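Have a look at the structure below before the remarks.
Fair warning: this is a prediction, and the values are worked out from it, not measured in the lab.
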Number of protein chains: 2
Amino acid sequence: MPSEDRKKSRVTLLDVAQRANVSRATASLVIRKSPLVGSETRARVEAAMRELGYVYNMGAARLRAERSHTVGVIVPNLMNPFFAELLAGIESAIDSAGMVVILAKSGDLVERQDMVMRRMREHGVDGVIFCPAAGTAPEFLERVDEWNLPLVQVLRHISEGIDYAGADYAGGMRQAVDHLASLGHERIAFAVHGPVHSAYLERVEGFRDAMLARGLDPERIIRVPYQTARIPGAAHLLFETPEKPTAVICFNDVIALGLSAGLHDLGLKVGETFSLIGFDDVAEAEVIRPRLTSVSTAPEAIGETAARLLLDRLADPLLPPRRVVMETRLHVRQSCGPVRPPAP
Amino acid sequence: MPSEDRKKSRVTLLDVAQRANVSRATASLVIRKSPLVGSETRARVEAAMRELGYVYNMGAARLRAERSHTVGVIVPNLMNPFFAELLAGIESAIDSAGMVVILAKSGDLVERQDMVMRRMREHGVDGVIFCPAAGTAPEFLERVDEWNLPLVQVLRHISEGIDYAGADYAGGMRQAVDHLASLGHERIAFAVHGPVHSAYLERVEGFRDAMLARGLDPERIIRVPYQTARIPGAAHLLFETPEKPTAVICFNDVIALGLSAGLHDLGLKVGETFSLIGFDDVAEAEVIRPRLTSVSTAPEAIGETAARLLLDRLADPLLPPRRVVMETRLHVRQSCGPVRPPAP
DNA sequence: CTGAAAGCGCTTACAG
DNA sequence: CTGAAAGCGCTTACAG
């Protein structure tokens, strides 16, 4: 009978205490590394734990102590390598703190996000790090207040009143525009896709502002498909206006990779005949030909920062809300060159 | 005082029951959707839950019921898009089952894997899906037996006695070799990297067997760096033997992407002057130029399968161990061409 | 430094 | 269909 086995195999703190000839309270102190316990006693208890194969029961501890050592992480999706790197950063930091991450994806759907958020509360997470789904209403945060659940926003934000870790998207856009302008480009397009959210807006506005600041036309914005495989086929969209661009800045590297391929298919030579800049600087940027010039947003570092923000808040819930906006840096590789006569 | 707020804000099942004028047991039944409760009563309880903002306390439930609705997932890393896709598949399936995933990475280190595994047991996961770290000793599984913890191996396996979900790597290798051979290639290299584990061995042996079956030399195996950015620079390794290969099959797409770039740097034209086949068929394969011919292993589907295996076992612990090895398919794109006179 | 007692929020038999 | 009681495995004061 497996269920019997299970029952029998559960060794509890009381078993340990008895074996070590101490009370349960003392054994509990040893586990939590309290300095109140004598080293001889401690050693005896630890030996007993080992001999019995004792496994701490976090669930039981949490019930009494109101801390689960668990943090929820909600991302829109996992397919974009960018989010995978972000997640890796979060996981590392949370793990180092001796805690564990409960992962869920929202699919960028607010209803799913609500569901997932509730599920996490049911599981008693100590806090959650989330990248708000596009369209998350600000009212969402009023509800959060009542939950008394520490939250940190990552990459995207919907409220000033809550911790946030992200990157200086607008600054990155400016660097990209400046780089292209310094190469003589004036007709610069911006390729976007996906849902609208704060990071989207900051990039678009960053692009516009940077273009305007140089007296360039900021309205050459094109929308490409969301699905990776369909992006190359959308490259022609760049050339449907009378005054064709000589360069494009991409909303992210997924688009940049796709357009780089699509431009190639159109007979253009990226970095020579046409210039292209990506955004995020994912690992693939180095491995594509021509190598992709891209604005680095260091997702792993952002993830670590977000985790740190949450950990700090758990340590001191009264901390005022913090925003950390990480610097962004243009990683120049090979996908840009000086202007040439307009494309086909 | 936030801690006071916290205390006050905790509404329990008893609060709900009182408000609805029923006993706690009854309230518990409606939560668990028992059919034993009358619909009028049920409605009253549900209304009370809504009005009070009740949140189910999974932790408390687990303590009594011995089920945490939680599954652990351990992967070597998250940076390889392949694992991200696998994870996405697992997460979806687990989520649909109303459970939640606790994520951790092992870094392919057995000590870390041990740590993480213990942490998961402490958190009382109902089971774990893991991709065994390279070097995991078979003895590992003897310990597992005592834990009475349902386990499923994914992608890699160390024991026949435990559920496993993976892909037919050897079959994939055979298809790759056959494809190249049908184009007239005879000197085919195999590019590998990373730690040795079952999936590694199956690919290498699959390659060897397929080559041998055709009377071709199976020993042209080269090791490239593990770090993505350094792979292109290793392409020259292909040509250091006297009899230079005319094609290469890659252990995974990360290598294929890197070598595709490196070959290009060497002045070769992939798909014409030199042929190349990847393994895994990640999204980038479609977006690279030339498009990458790759053996599709459908990581997302494998992830879902692994989750299903675990769910089935939770439902029926007495099930005999199962192995599901998913078919693999060569996705022909543009990176292979007929043999040509040997490379430089 | 150690022990006995109460309690965290549920579920589980067991009666009614 | 509903209620009263016990208990899951810990931690937390509170005495000693």
A:Arg143 with A:Glu139: basic N within carboxylate O range, under 4.0 Å: no
Under 4.0 angstrom between B:Ser23 side-chain N/O and D:dG3 OP1 or OP2: yes
Of A:Val55, A:Asn57, A:Thr70, the residue whose pairing with B:His123 passes side-chain contact (heavy atoms from CB on, under 4.5 Å): A:Thr70
Length of the CG-P vector between B:Leu63 and D:dT11, whole Å: 12 Å
A:Asn57 CG - D:dT11 P separation (whole Å): 9 Å
Distance test, side-chain N/O of B:Ser28 to OP1/OP2 of C:dC10, below 4.0 Å: no
side-chain contact (heavy atoms from CB on, under 4.5 Å) between B:Asp312 and B:Arg308, worked out: CA-CA 6 Å; B:Asp312 288 351; B:Arg308 180 102 323 277; 3.2 Å; yes
Cationic N near anionic O, under 4.0 Å, A:Arg50 to A:Glu46: no
Protein-nucleotide distance (A:Leu13, atom CG; D:dC8, atom P), rounded to Å: 14 Å
d(CD1, A:Ile31; C1', D:dT12) in whole Å: 15 Å
B:Ala65, nearest nucleotide to its side chain (from D:dT11, D:dC10, C:dT11): C:dT11
Integer-rounded Å distance: D:dC8 C1' and B:Met58 CE: 16 Å
Closest listed nucleotide, where the reference is the side chain of A:Ala61 and the choices are D:dC10, C:dT12, D:dC1: D:dC10
Candidates C:dC1, C:dG9, D:dC10 - which lies nearest the side chain of A:Thr41: C:dC1
Atom of B:Arg19, atom of B:Ala48 and distance for their closest heavy-atom approach: CG-CB, 3.7 Å
Inter-residue atom distance B:Leu311.CG - B:Ile94.CD1, 0.5 Å rounding: 5.0 Å
Separation of D:dC10 C1' from B:Arg121 CZ (nearest whole Å): 17 Å
Residue met sooner reading DNA chain C from 5', once B:Arg32 and B:Gly59 are mapped to nucleotides: B:Gly59
Sugar-phosphate only, base, or nothing, as touched by A:Arg62 at under 4.0 Å among non-hydrogen atoms: nothing
Whole angstrom value for the distance that separates C1' of D:dG3 from CG of B:Asn21: 14 Å
Closest to the A:Arg24 side chain, choosing from C:dG3, C:dA6, C:dC10: C:dA6
Out of D:dT2, C:dC1, D:dT12, whichever nucleotide has its closest atom nearest the side chain of B:Leu29: D:dT2
B:Val100 vs A:Glu122, side-chain contact (heavy atoms from CB on, under 4.5 Å): CA-CA, chis, key distance, verdict: CA-CA 11 Å; B:Val100 118; A:Glu122 293 181 348; over 6 Å; no
Any residue meeting ring pair (Phe, Tyr, Trp, His ring centres under 6.0 Å) with A:His157, in chain and number order, not counting sequence neighbours: A:Tyr164
Protein-nucleotide distance (A:Leu14, atom CG; C:dA5, atom P), rounded to Å: 14 Å
Watson-Crick and G-U pairing of DNA chain C, under 3.5 Å, as dot-bracket with | and [ ]: |||.||||||||.|||
For B:Leu155, the option from B:Cys131, B:Pro132, B:Pro299 that meets side-chain contact (heavy atoms from CB on, under 4.5 Å): B:Cys131
Closest to side chain of B:Thr12, choosing from D:dC10, C:dG9, C:dT12: C:dG9
A:Val45 and A:Leu29, any side-chain heavy atoms less than 4.5 Å apart: no
Could you go through nucleotides 13-16 of chain D and list every protein N or O atom that sits under 3.5 Å from one of its N or O atoms, giving the distance for each pair?
none

